Amino acid sequence: MILALAGLLGGLAGGYFLRPAEPLHPEAVSDAQAETTHEAVPQHPDDNHAIGPEYLKLSSQFIVPIVEDGRITSVVVLFLSLEITAGTQETVYAREPKLRDSFLQILFDHANSGGFRGTFTEGTTLAPLRRALLEAAQSILQGTVTDVLITDITRQDA
């Protein structure tokens, strides 16, 4: 009887503390929050920077084999997104094969130089990779790409 009562009280307490937050009423949204929605109207429609950047996830992941002594010892899987100027998605999609080729070469070079060994997710280890990816993207898509984001990275050892 005591166990049933304790279970009931525990369930009620868990439900109370883990319930979803109440939605905000439209009039309670501050000006700063309203600016982050996609409903913001640019002051200068011809200026893409007035709208802010867009984020474009590349269509599929990048798979990079880690080769040691002539055999694959690990595989690194990365998902990348691009921060681009507003209204340039079609341009990026049209140049994606060239972009993926360049990114893969950079990722292979990074892997061959030992960049994915050890604690490969440290900021100091990933900084040169991020910089190289951004430089490649900017050389292919001049004036379009402002940043390359590593949205997911996994290493699977064999």
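The shown structure was predicted, so the numbers you read here are calculated from the model rather than taken from an experiment. Heads up: numbering here begins at 1 and tracks the sequence.
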Mark yes or no for whether T151, through its side chain, and F79, through its backbone, hold a donor-acceptor pair below 3.5 Å.
yes
Taking S139's backbone N and O only, do any of them form a donor-acceptor pair with Q142's side chain (distance below 3.5 Å, no angle check)?
yes
Are I63 and V67 linked, directly or through other ILVMFWY residues, by side chains that come within less than 4.5 angstrom of each other?
yes
Nearest 0.5 Å, please: how far is CD in E96 from OG in S60?
7.0 Å
Check the pair R100, S59 against side-chain hydrogen bond (donor to acceptor under 3.5 Å, both in side chains), reporting the backbone distance first and the verdict last.
CA-CA 10 Å; R100 290 186 67 81; S59 61; 4.5 Å; no
T146 (side chain) donor-acceptor with E83 (main chain) under 3.5 angstrom:
yes
In sequence, state the C-alpha distance, the side-chain angles, and the governing distance for T119 and E122, and then conclude on side-chain hydrogen bond (donor to acceptor under 3.5 Å, both in side chains).
CA-CA 6 Å; T119 54; E122 285 184 2; 3.1 Å; yes
Is there a side-chain contact between P128 and R131 (heavy atoms, below 4.5 Å)?
yes
Intermediate values then yes/no, side-chain hydrogen bond (donor to acceptor under 3.5 Å, both in side chains), T85 and E54
CA-CA 6 Å; T85 54; E54 292 180 359; over 6 Å; no
Starting from the C-alpha separation in whole Å, work towards a yes-or-no answer on side-chain hydrogen bond (donor to acceptor under 3.5 Å, both in side chains) for Q105 and D109.
CA-CA 6 Å; Q105 187 59 57; D109 291 344; 3.0 Å; yes
T154 side chain near V76 side chain, heavy-atom distance below 4.5 Å
no
Report yes or no: does R155 contribute a side-chain atom to a donor-acceptor pair with the main-chain N or O of F116 at less than 3.5 Å?
yes
Exactly one candidate in L58, V64, D152, L133 meets side chain to side chain contact (heavy atoms under 4.5 Å, CB included) with L78; the answer is V64
Shared hydrophobic cluster for L149 and L99 (ILVMFWY, side-chain gaps under 4.5 Å)
no
Can a donor-acceptor pair be found, under 3.5 Å and without considering hydrogens, that links the side chain of N112 to the backbone of F108?
yes
Starting at OG1 of T88, measure out to OH of Y93 and round the result to the nearest 0.5 Å.
10.5 Å
Determine whether a donor-acceptor pair (N or O, by modelled atom type, separation under 3.5 Å) exists between the side chain of S74 and the backbone of I66.
no
Could you state the interatomic distance from CD1 (I153) to CG (L126), rounded to the nearest 0.5 Å?
5.5 Å
Is the closest side-chain heavy-atom distance between D147 and I84 below 4.5 Å?
no
Gap between atom CZ of R130 and atom CG of L80 - 0.5 Å precision:
9.5 Å
